[in-house]
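The structure under discussion appears below in the form of structure tokens.
The sequence lines fix the lettering, A, B, ..., with proteins before strands; numbering per chain opens at 1.
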Amino acid sequence: MSAAVEDTLGGAGRRTLALPLGGIWRNGLLAAGTWALAAALTYGLPDVIAWGATGLFAAVMLVGAGIFLALSVTVHRLGGFGRTLIHYGPWFIVLGLWLGLWEVLTAKLGWLPKPFFSPPQGLLHVYVTDWERLLICIAYTGRLWGLGFFSGILIGFAGGVALGWSKRFAYWGMPLLKLIGPVPASAWIPCTFFIFPSTFHASIFLVALASGIPVAILTAAGVSQVNRSFYDVARTLGADNRFLVFKVAIPASLPNVFVGIFMGLYYSFAVLVVAEMLGAKFGLGWYLQFNTAYSAYANVYAALVIMALICAGLVRLLFVARDRLLGWQKGIL
Amino acid sequence: MALALAATTPSDSIALDVEGVSHRYERDGTELQVLDNVSLTIAPGEFVALLGPSGCGKSTLLRLAAGLETPTTGRVLEDGRPITAPNPDRILVFQDATLFPWRTVRANIATGLEARGLLGEKGHRIDEVLKLVKLEGFADFYPHQLSGGMAQRAALARALVNDPKLLLLDEPFGKLDSLTRLRMQNELLDLWKSAGFTALLVTHDVEEALLLADRVIVLSDRPAAIIAEVRVDEPHPRQRDDASLVALRRALLEELGISHDV
């Protein structure tokens with residue numbers, strides 16, 4: 001009899017264990033609900049003013065709802081990707097609610113009026129109609145940002161190491177860095193026009209400056225804060241200055257360098273708009289200004305969303321790089 | 001194991017002479033004298049302990065012997081030649097293991113060889129010293145994954161792989177728990193016997209000094225001056241409750257200004 005009791009208990013245990021595998025992803029169902037609601041609101045209620053892609057937006061939301069509905073039963077079979085989806089489940093629910101609310105406040109009630117606000121279908125309309133120009137802008141901005149950011153952090157890093165390592169370098173360099181640091185990028189425009197052969201070079205300089213200065217300051221701080229005993233140990237083991245810089249000072253200050261690079265990444269994005277003021281023909285910053293001038297705020301929002309997504313993606317990449325390089329830190333952090 | 005080490009290392013050691021050394025630091029405009037006319041001679045292969053109150057300037061003496069600093073007055077000599085710069089023949093082991101946290105145990109031990117470009121020639125020594133300090137299984141661990149005792153053993157290995165002729169130990173077991181400390185003291189003794197280096201140990205632990213050293217030198221409070229010297233002739237392994245050691249301990253504590261009933 002006791003065996004039978006154990007058996008039923010064991011069976012029940014197995015069933016509860018097995019339930020999540022074959023079961024339903026409740027948040028997925030709820031997300032499907034909120035997305036379907038947004039689709040229904042978009043399609044069912046009349047627009048205050050005509051927007052381009054109302055039907056398309058409703059269709060997109062409906063497709064999204066359908067995908068969540070399908071995922072709510074299959075997500076457990078998707079392994080790691082499925083677990084990521086489950087982790088962000090509450091976000092998907094709120095995203096559907098938020099899109100629905102946004103839709104109602106703009107297109108359906110007009111409380112947030114044109115041209116200052118745009119309903120989601122306004123942005124969608126921009127992507128559908130202006131995608132070619134947007135892609136070109138992304139490419140141009142990518143080139144400018146890549147050249148500026150990477151040259152900036154390289155020079156900032158080298159300068160930071162020199163400032164942190166050499167007293168004489170710090171004596172002359174630190175005050176200059178502190179003076180230059182807070183100057184807004186737009187204040188450099190007159191000088192850069194004079195100094196650089198083309199506006200493109202000037203733009204690169206502005207992006208490089210914005211990303212390089214935090215890297216330089218934090219690298220310098222990191223190098224100068226390295227535990228003196230590390231140098232003593234290395235010197236008694238026969239290290240020369242070169243070894244001390246490259247094998248002790250730099251690896252020891254790498255956590256600080258990464259903080260600087262993160263800051264530089266954000267600053268470099270903030271400065272893109274200013275940098276592309278300088279006679280650029282394409283680019284996301286240019287696109288923002290151009291459309292602001294024409295009060296085409298839907299285009300502005302559309303470009304902003306793209307910039308935010310690219311920036312978030314780059315931050316993610318940087319985290320991966322940091323975790324790989326600073327794996328030795330785990331447990332300290 | 002000890003025989004294997006003796007066979008692979010040149011068992012030479014150096015003599016250390018400290019001649020009338022006084023040393024001062026300048027900090028915020030005020031001068032701080034840490035050493036006052038200290039003279040001592042250490043024979044090759046000898047194990048000497050420097051005993052004194054915390055912060056008395058013992059560590060400064062080690063830094064001078066390591067060549068990290070030069071004395072304000074007086075001379076520090078190795079085999080009769082003045083010490084002017086650090087050299088892997090004389091290696092300092094600190095109270096904190098000061099392993100480089102971004103390097104694995106193996107890479108930490110390799111530091112000295114790498115810095116001198118000897119990695120190819122003497123790289124095989126790394127595995128030998130890893131075995132010697134019983135860290136064979138931890139070569140690819142990072143310092144933060146090690147216990148205090150293991151970290152200190154790795155620091156010892158990092159010194160020993162360079163075949164030092166003089167090992168300078170700055171309270172190397174000061175931060176370990178008492179059981180680990182006892183074990184490490186015995187291990188250090190074995191290493192010293194097999195490798196044959198000269199050892200200069202700074203400690204404020206009277207028992208540790210008596211258990212390990214051939215000679216115990218007592219330093220006064222800052223500025224440090226030599227106030228007593230005791231020769232310990234007991235053969236190893238020594239028992240801490242041995243009558244002669246207990247008598248020596250009492251005498252040393254008295255020199256340090258601590259009464260009998262402690």
Residues Asp79(B), Lys165(B): salt bridge by 4.0 Å N-O rule: no
Ionic contact status for Glu128(B) with Arg125(B), cut-off 4.0 Å: yes
So which part of Phe230(A) gets closer than 4.5 Å to some heavy atom of chain B, the side chain, the backbone, both or neither? both
Is the distance between the ring centroids of Trp328(A) and Phe141(B) under 6.0 Å? no
CA sep, side-chain torsions, deciding dist, call: Leu40(B), Leu50(B), side chain to side chain contact (heavy atoms under 4.5 Å, CB included): CA-CA 11 Å; Leu40(B) 57 101; Leu50(B) 292 174; 4.3 Å; yes
Name the member of Ser229(A), Gly238(A), Ala234(A) that forms the most heavy-atom pairs with chain B at distances under 4.5 Å. Gly238(A)
Could you tell me which portion of Phe94(B) (side chain, backbone, both or neither) has an atom closer than 4.5 angstrom to a non-hydrogen atom of chain A? side chain
Does the side chain to side chain contact (heavy atoms under 4.5 Å, CB included) test come out yes or no for Leu167(B) and Trp192(B), once each step is laid out? CA-CA 9 Å; Leu167(B) 194 61; Trp192(B) 169 68; over 6 Å; no
Which atoms of Asn87(B) are under 4.5 Å from chain A, going by heavy atoms: the side chain, the backbone, both sets, or neither? backbone
Please report the closest heavy-atom contact between Ala154(B) and Ile109(B), naming both atoms and the distance. O-CG1, 4.0 Å
So which part of Asp240(A) gets closer than 4.5 Å to some heavy atom of chain B, the side chain, the backbone, both or neither? neither
Tell me, side chain or backbone of Glu114(B) under 4.5 Å from chain A's heavy atoms, or both, or neither? both
Looking only at Leu168(B), Val161(B), Thr111(B), most heavy-atom pairs under 4.5 Å shared with chain A are made by Thr111(B)
Please flag which part of Arg103(B) lies under 4.5 Å from any non-hydrogen atom of chain A: side chain, backbone, both or neither. side chain
